[in-house]
Amino acid sequence: MPTLSVSPDLDPDLDALSATHSADVGLIDALIEELAGNDVVLATLSQDVPKWGHGTNAPFEIKRFHEAWNAGRRIYVLKPYDEDGQLIGFRVFIGHDVVTDEYFALSVQPRATCYDITTPEYRQLCKRYDDLDIPSAM
């Protein structure tokens with residue numbers, strides 16, 4: 001059965017972000033909580049991506065983070081929507097261990113820079129993935 005855990009480093013990131021973007025953090029928290037409690041959605045989370053999550057209170061899109069996959073890391077990008085159906089300005093990065101079928105919420109980053117693999121944030125995302133000993137995607 002798949003599970004979703006939160007990286008210990010994610011909570012301080014969300015706490016810092018909540019000072020300026022509390023509504024977005026609330027949506028992110030709700031999405032992570034709902035996914036963690038929904039075995040049906042988790043069982044299909046990494047299938048047929050990119051896709052849009054139906055049947056959740058906080059809809060989302062999910063796709064592979066291709067640059068991370070090319071580097072051997074099985075990382076997905078969750079793109080949460082707000083209550084009005086608009087994409088929020090942040091992305092949630094999720095690692096997947098296919099051996100244990102465990103997902104890990106690793107990082108939240110601003111949409112404007114989240115796909116830039118030259119940033120310290122990308123290096124931090126990779127470090128979090130590696131620190132959890134998630135097997136290579138290759």
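Note that the coordinates shown come from a computational prediction; the quantities given were computed from them, not determined experimentally.
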Determine whether more than 12 heavy atoms belonging to other residues, nucleotides or ligands lie under 6.0 Å from atom CD of Glu67.
yes

When you compare the side chain of [Y] with that of [X], does any pair of heavy atoms fall below 4.5 Å?
{"X": "Arg111", "Y": "Leu87", "answer": "yes"}
{"X": "Phe60", "Y": "Leu27", "answer": "no"}
{"X": "Val108", "Y": "Phe93", "answer": "no"}
{"X": "Ser7", "Y": "Phe104", "answer": "no"}
{"X": "Val98", "Y": "Arg74", "answer": "yes"}
{"X": "Val92", "Y": "Ser107", "answer": "no"}
{"X": "Val77", "Y": "Ile62", "answer": "no"}
{"X": "Leu4", "Y": "Leu42", "answer": "yes"}

Under a single-linkage definition using a 4.5 Å side-chain heavy-atom cutoff for Ile, Leu, Val, Met, Phe, Trp and Tyr, are Val41 and Ile28 assigned to the same hydrophobic cluster?
yes

Do you reckon Leu17 sits in the same ILVMFWY cluster as Val6, going by side-chain contacts under 4.5 Å, direct or chained?
yes

Least distance between heavy atoms, Ala105 atom then Leu10 atom
CB-CD2, 3.6 Å

Please name the pair of heavy atoms, one in Asp97 and one in Val99, separated by the smallest distance, quoted to 0.1 Å.
OD1-N, 2.9 Å

For Arg73 and Asp130, run salt bridge (charged side-chain N to carboxylate O under 4.0 Å, His left out): C-alpha distance rounded to whole Å, both residues' side-chain angles, the deciding distance at 0.1 Å, then the answer.
CA-CA 8 Å; Arg73 294 178 182 90; Asp130 294 342; 2.9 Å; yes

Please report the interatomic distance [atom1]([X]) to [atom2]([Y]), rounded to the nearest 0.5 Å.
{"X": "Lys79", "Y": "Cys114", "atom1": "NZ", "atom2": "SG", "value": "8.5 Å"}
{"X": "Ile117", "Y": "Thr113", "atom1": "CD1", "atom2": "OG1", "value": "13.5 Å"}
{"X": "Ile88", "Y": "Leu31", "atom1": "CD1", "atom2": "CG", "value": "8.5 Å"}

Do the side chain of Trp69 and the main chain of Ile75 share a donor and acceptor less than 3.5 angstrom apart?
yes

Check whether any side-chain N or O of Asp82 sits under 3.5 Å from a backbone N or O of Asp84 as a donor-acceptor pair, and report yes or no.
yes

Step by step, would you call Leu78 with Ile32 a side chain to side chain contact (heavy atoms under 4.5 Å, CB included)?
CA-CA 10 Å; Leu78 274 177; Ile32 290 171; 5.7 Å; no

Output every pair passing ring-ring contact (aromatic ring centres under 6.0 Å, His included) with a member in residues 1-30, not counting sequence neighbours, ordered by first then second residue.
His21-Phe90

Start with the C-alpha gap between Tyr122 and Gln109, add the side-chain angles, then the distance that decides, and say whether side chain to side chain contact (heavy atoms under 4.5 Å, CB included) holds.
CA-CA 9 Å; Tyr122 177 75; Gln109 298 182 28; 5.6 Å; no

State whether Asp13 and Arg128 are salt-bridged, where the test is any N-O pair (Lys NZ or Arg NE/NH1/NH2 against Asp/Glu carboxylate O) under 4.0 Å.
yes

Test item: side-chain donor near acceptor, Ser5 and Glu102, under 3.5 Å:
yes

Have a look at His96 and tell me which of Tyr129, Phe65, Tyr103 forms a ring pair (Phe, Tyr, Trp, His ring centres under 6.0 Å) with it.
Tyr103

Test log, rule side chain to side chain contact (heavy atoms under 4.5 Å, CB included), inputs Leu132 and Leu106
CA-CA 10 Å; Leu132 290 168; Leu106 300 170; 3.5 Å; yes

